[in-house]
Amino acid sequence: MRPDLYIDDYRPADRAALYDVCLRTGNVGADAGPDHEDRDLLGHVYLGPYLELEPELTLVLRAAGSGGPVGYAVATADTATFEAACEERWWPPLRAHYRARPPRPGSADARLVRMIEDGVRTEGPWLAEHPAHLHVDLLEPARGVGAGRALLTRLFAALEDRGVPGVHLEVASANDGAVAFYRRLGFTVVAERPDSLVMARRLAPAAVAS
Ligand SMILES: CC(C)(COP(=O)(O)OP(=O)(O)OC[C@H]1O[C@@H](n2cnc3c(N)ncnc32)[C@H](O)[C@@H]1OP(=O)(O)O)[C@@H](O)C(=O)NCCC(=O)NCCS
């Protein structure tokens, strides 16, 4: 990885900068800012629940010097448990917030609010062997220099330490660069959805005392 970048733990003070990274990478890897009137919505759906519920599996990529976040990787070790916790603790206050302030009908914001209303429940035959899932996003200047590989290598080790047998993710089918990246990191396609692929990879879990 380039020496002007380093991986660090998450601190609550990073939250706004990480939400900004989420927005600026949220349109198939490009800036989704122009698509959204509410600049927090994308983060509320794809990032916030991990910062809140899985801070120990959140890795921050920082620029040396300023220490400012330029990327992140987030994960959960068990998708079903995580989704249940979201249903209990993460989605309800957001539902109340957006019912009081509904977005413009038909907008990109309205689609995200629909996701908040519906919640997320992952199902699929790959889930039993790949119960973890992850997201990784880097600002453009931090890409292509090994940071994505370094972040995921560290996340895989953290998941293996927890005894997790495998990890999956969902990626937009149009995001050719990310699909190529995941393939290089050992993921294969386990399901195809209308606009996205589910990719998964086995891990080498450590034996965990029960
Ligand atoms: C996708 C992303 C996380 C990859 O991280 P990265 O730091 O750029 O990737 P790395 O430099 O660590 O590359 C790791 C390997 O993947 C390959 N790779 C990375 N990007 C690639 C691309 N666009 N096309 C082909 N191969 C690619 C590299 O050649 C490298 O191979 P090697 O290590 O075997 O030599 C990063 O580019 C990114 O954040 N993109 C925008 C947001 C996004 O699309 N996130 C994924 C949403 S599902």
Side-chain angles (χ1 to χ4, degrees), residues 1-8 10 14 17-36 39-51 54 57-64 68-76 79 82-83 108 111-112 115 120 122 124 126-127 130 132-159 166-203:
M1 184 167 63
R2 221 169 50 200
D4 60 330
L5 300 170
Y6 67 101
I7 296 172
D8 194 14
Y10 167 67
D14 296 324
L18 296 182
Y19 263 56
D20 191 54
V21 172
C22 183
L23 184 67
R24 289 164 65 190
T25 58
N27 178 12
V28 195
D31 187 4
D35 302 335
H36 297 281
R39 296 184 63 83
D40 285 336
L41 254 171
L42 211 55
H44 286 333
V45 173
Y46 291 107
L47 177 64
Y50 304 88
L51 305 183
E54 298 282 13
L57 286 173
T58 296
L59 299 175
V60 179
L61 184 69
R62 299 188 193 278
V70 293
Y72 60 79
V74 295
T76 184
T79 296
F82 174 78
E83 290 174 352
R111 281 198 297 280
L112 289 169
M115 291 176 71
V120 177
T122 301
W126 69 87
L127 194 56
H130 307 90
H133 77 259
L134 64 81
H135 299 277
V136 53
D137 291 304
L138 316 181
L139 293 180
E140 216 281 327
R143 295 179 198 164
V145 296
R149 178 183 278 281
L151 283 162
L152 291 206
T153 300
R154 201 173 300 183
L155 260 190
F156 295 158
L159 293 169
V167 57
H168 74 271
L169 56 86
E170 189 167 357
V171 56
S173 316
N175 196 343
D176 296 330
V179 172
F181 164 75
Y182 293 129
R183 286 191 195 281
R184 290 295 289 172
L185 272 286
F187 287 84
T188 57
V189 174
V190 293
E192 295 189 27
R193 293 177 173 162
D195 299 313
S196 65
L197 303 174
V198 179
M199 302 182 79
R201 180 193 194 278
R202 299 305 298 270
L203 298 170

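Counting convention: from 1, in listed order, for ligands and their atoms alike.
The presence of a protein heavy atom under 4.0 Å from atom 29 (O) of ligand 1 is ruled out.
Residue-ligand proximity, D137 to ligand 1, at heavy-atom distances under 4.0 Å covers atoms 39 (O), 42 (C), 43 (C), 45 (N), 46 (C), 47 (C). Taking a cut-off of under 4.0 Å to the non-hydrogen atoms of V145, the atoms of ligand 1 that pass are 11 (O). The distance from ligand 1 to the heavy atoms of A147 drops below 4.0 Å at these ligand atoms: 7 (O), 12 (O). For ligand 1 and G146, the ligand atoms under 4.0 Å from any heavy atom of the residue are 10 (P), 11 (O), 12 (O). Shown in contact with G177 at under 4.0 Å from a heavy atom are these atoms of ligand 1, numbered in order with element: 21 (C), 22 (C), 23 (N).
The ring-ring contact (aromatic ring centres under 6.0 Å, His included) test applied to Y50 returns F82, H133, H135, not counting sequence neighbours. Legend: residues meeting ring-ring contact (aromatic ring centres under 6.0 Å, His included) with Y10, ordered by chain and number and at least two apart, are absent.
Between N175 and ligand 1, an N or O atom pair is found at a separation short of 3.5 Å. The distance criterion of under 3.5 Å between nitrogen or oxygen atoms is not met by T25 with respect to ligand 1. Between F181 and ligand 1, not a single N/O pair is under 3.5 Å apart. Of the N or O atoms in A150, none lie within a sub-3.5 Å distance of an N or O in ligand 1. Between V136 and ligand 1, at least one N/O pair is under 3.5 Å apart. Between G148 and ligand 1, a contact under 3.5 Å exists for at least one N or O pair. Between A178 and ligand 1, not a single N/O pair is under 3.5 Å apart.
The minimum heavy-atom distance linking A200 with V190 is given by the pair CB-CG1, 3.8 Å. Counting all heavy atoms, side chain and backbone alike, L138 lies closest to A142 at CD1-O, 3.7 Å. Taking all atoms of both residues into account, the shortest heavy-atom contact from A32 to G26 is CB-C, 3.7 Å. Between L18 and P69 the shortest heavy-atom distance is CD2-CB, 3.6 Å.
If you check which protein heavy atom lies closest to atom 34 (O) of ligand 1, you get R184 NH2, 2.7 Å. The shortest contact between atom 25 (C) of ligand 1 and any protein heavy atom is with A180 CB, 3.4 Å. With respect to atom 40 (N) of ligand 1, the closest heavy atom belonging to the protein is R143 NE, 3.4 Å. Here the heavy atom of the protein found nearest to atom 6 (P) of ligand 1 is G144 N, 3.7 Å. Among all protein heavy atoms, the one lying closest to atom 39 (O) of ligand 1 is L138 N, 2.7 Å. The nearest protein atom to atom 33 (O) of ligand 1, hydrogens excluded, is given as R149 NE, 2.8 Å; this is a heavy-atom distance.
One finds the OH atom of Y72 at 9.5 Å from the CG atom of L139 (value rounded to the nearest 0.5 Å).
In this structure, R201 is positioned above the aromatic face of F156, its NZ or CZ under 6.0 Å from the six-membered ring centre and within 45° of the axis.
A salt bridge links R39 with D20: the distance from a Lys NZ or Arg NE/NH1/NH2 to an Asp or Glu carboxylate oxygen falls below 4.0 Å.
For H168 (side chain) and H130 (main-chain N/O), a donor-acceptor pair under 3.5 Å exists by modelled atom type. With hydrogens and angles disregarded, a donor-acceptor distance shorter than 3.5 Å links the side chain of S173 to the backbone of S196.
Between D14 and R62 the shortest side-chain heavy-atom distance falls below 4.5 Å.
Contact annotation: for Y182 versus ligand 1, heavy atoms closer than 4.0 Å belong to the side chain alone.
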